[in-house]
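Right, one structure below, let's go through it.
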Amino acid sequence: MAGGNNISASTVRRWVLEVTGLLAARAERLDRALRRIIRKGGHAVLLDGTLVRTHRRTGSDNRRNYSGKHKSHGLLFLGITDTHGRLIWISAARPGRSSEITTARHNHITRHLREAGLGPLADLGFTGLDDDPDNPVIITGFKAARTKPLTTAKKQVYKLIAAERAACEHAFAHLKNWRILAKLRLDVRHATTLLRALLVLTNLEVAR
């Protein structure tokens with residue numbers, strides 16, 4: 001683009017970042033997104049995390065982006081989806097070595113959902129996230145133990161939760177259709193802005 005228009009590469013890079021920032025600013029904040037679901041009569045949301053792979057760089061600073069779970073370098077994002085599979089909010093980027101439950105605590109997910117009166121369905125990776133066992137808000141299913149297998153009823157509950165959570169996987173799949181997310185090569189400082197800009201564009205495409 002720079003060579004074809006006889007301008008410097010830094011100018012093109014600055015324009016791209018400005019446009020990306022404008023798009024990202026249209027992404028809803030968490031509280032506003034949750035209130036919109038309530039206005040539409042929603043009672044539940046889907047909570048999950050995803051790893052966006054990044055280009056492996058040398059140096060100790062990049063070690064924190066290595067995910068032992070996925071055996072690759074990347075950045076962790078949390079997303080909240082409505083029950084129709086529409087991604088409504090995405091968190092700021094966290095190092096790939098971070099766990100989903102730690103990232104959720106960093107973003108105070110439980111407090112926001114409890115204030116909104118919404119119950120999220122999540123996978124077993126979020127077990128223990130709820131800070132109020134007497135008034136739980138996170139629905140994760142049950143973990144089997146080596147000496148205590150799941151009962152038939154608990155297995156059925158787990159299957160029902162997994163079936164509902166499939167919509168969340170579809171939402172992340174729509175987002176990752178963008179080729180730039182195959183492996184990020186930009187500075188990780190701009191990753192959050194890029195993901196939120198793509199969230200806005202994805203929802204516009206899905207709504208068409």
Side-chain angles (χ1 to χ4, degrees), residues 27-31 33-34 37 44-54 56 62-83 85-116 118-133 135-145 150 154 157-178 181-184 188-189 191-196 198-199 202:
E28 290 185 316
R29 294 182 303 178
L30 179 56
D31 290 338
L34 296 178
I37 289 181
V45 292
L46 309 175
L47 173 65
D48 203 357
T50 188
L51 184 80
V52 175
R53 299 178 188 274
T54 59
R56 180 177 179 178
N62 197 45
R63 293 177 184 173
R64 61 201 301 264
N65 291 333
Y66 181 77
S67 170
K69 176 181 177 181
H70 297 89
K71 301 297 187 295
S72 64
H73 289 77
L75 298 172
L76 179 65
F77 291 86
L78 289 187
I80 291 183
T81 311
D82 62 18
T83 53
R86 183 174 180 269
L87 195 60
I88 62 171
W89 175 81
I90 197 165
S91 72
R94 297 285 294 172
R97 70 181 183 184
S98 303
S99 65
E100 293 176 339
I101 191 170
T102 301
T103 304
R105 286 171 177 157
H106 178 80
N107 288 276
H108 306 289
I109 296 294
T110 305
R111 176 174 60 82
H112 287 290
L113 291 169
R114 181 171 282 114
E115 291 175 354
L118 291 170
L121 300 178
D123 61 22
L124 296 179
F126 292 91
T127 302
L129 172 61
D130 214 321
D131 54 0
D132 188 357
N135 182 26
V137 67
I138 308 291
I139 304 172
T140 59
F142 304 94
K143 275 189 176 180
L150 295 180
K154 288 183 177 180
V157 170
Y158 184 82
K159 288 182 179 179
L160 292 174
I161 293 176
E164 292 294 329
R165 287 189 61 257
C168 190
E169 301 295 337
H170 296 161
F172 279 127
H174 282 304
L175 181 65
K176 289 190 174 182
N177 278 338
W178 297 94
L181 296 184
K183 183 172 284 188
L184 286 179
V188 296
R189 294 178 302 167
T192 300
T193 302
L194 174 64
L195 264 290
R196 288 175 175 168
L198 293 179
L199 168 63
T202 300

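These numbers come from the heavy atoms of this one structure, side chains and all, not from hydrogens, waters or symmetry mates.
- When atom types are taken as modelled, the side chain of Lys71 and the backbone of Gly68 share a donor-acceptor pair closer than 3.5 angstrom.
- Here the straight-line distance linking atom CZ of Arg105 with atom CG of Leu129 works out to 6.0 Å at 0.5 Å rounding.
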Audit row: Thr50, Lys176, side chain to side chain contact (heavy atoms under 4.5 Å, CB included) steps and yes/no = CA-CA 10 Å; Thr50 188; Lys176 289 190 174 182; 2.7 Å; yes
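- When only modelled atom types and interatomic distance are considered, Lys69 and Ser99 share no side-chain donor-acceptor pair under 3.5 Å.
- For Leu124 against Thr127, the heavy-atom pair with the smallest separation is O-OG1, 2.9 Å.
- Atom CG of Asn65 and atom CZ of Arg94 lie 11.0 Å apart (nearest 0.5 Å).
- A heavy-atom distance below 4.5 Å is found between the side chains of Leu34 and Leu113.
- Nearest approach of Ala93 to Phe77, heavy atoms of both residues: CB-CZ, 3.4 Å.
- Rounded to the nearest 0.5 Å, atoms CZ (Arg86) and CD1 (Ile37) are 9.0 Å apart.
- Evaluation of the salt bridge (Lys or Arg N to Asp or Glu O under 4.0 Å) test over residues 158-169, restricted to residues two or more places apart or in two chains, returns Asp48-Arg165, Asp123-Arg165, Arg165-Glu169.
- Between Ser98 and Thr103, the shortest heavy-atom contact is CB-OG1, 3.9 Å.
- Residues Ser72 and Leu51 come closest through the heavy atom pair OG-CD2, 3.7 Å.
- Proximity of Ile109 to Leu30: side-chain heavy atoms (C-beta onward) are separated by under 4.5 Å at one or more points.
- Distance alone, capped at 3.5 Å, is enough to place a donor-acceptor pair between the Ser91 side chain and the Leu78 backbone.
- Atom OG1 in Thr192 sits 8.5 Å away from atom CD1 in Ile90 (nearest 0.5 Å).
- How far OH of Tyr66 is from OG1 of Thr54: 12.0 Å, rounded to the nearest 0.5 Å.
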message = I'd like to know whether Asp82 forms a side chain to side chain contact (heavy atoms under 4.5 Å, CB included) with Leu46, so could you lay out the CA-CA distance, the side-chain angles of the two residues, the decisive distance to 0.1 Å, and finally the verdict.
response = CA-CA 6 Å; Asp82 62 18; Leu46 309 175; over 6 Å; no
message = Please evaluate residues Leu181 and Leu195 with respect to the criterion side chain to side chain contact (heavy atoms under 4.5 Å, CB included), reporting the C-alpha separation (whole Å), side-chain torsions for both, the decisive distance (0.1 Å), and the verdict.
response = CA-CA 9 Å; Leu181 296 184; Leu195 264 290; 3.8 Å; yes
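- Minimum interatomic distance between Trp89 and Glu28 (heavy atoms only, all atoms of both residues): CD1-O, 3.6 Å.
- In plain terms, the two heavy atoms of Leu47 and Pro120 that are nearest each other are CB-CB, 4.2 Å.
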message = Would Leu121 and Val45 count as a side chain to side chain contact (heavy atoms under 4.5 Å, CB included) here? Give the steps.
response = CA-CA 6 Å; Leu121 300 178; Val45 292; over 6 Å; no
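- Atoms CG and CG, on Leu75 and Leu194 in that order, are 10.5 Å from each other to the nearest 0.5 Å.
- Under the 3.5 Å distance criterion, the side-chain polar atoms of Thr202 are matched with a main-chain donor or acceptor of Leu198.
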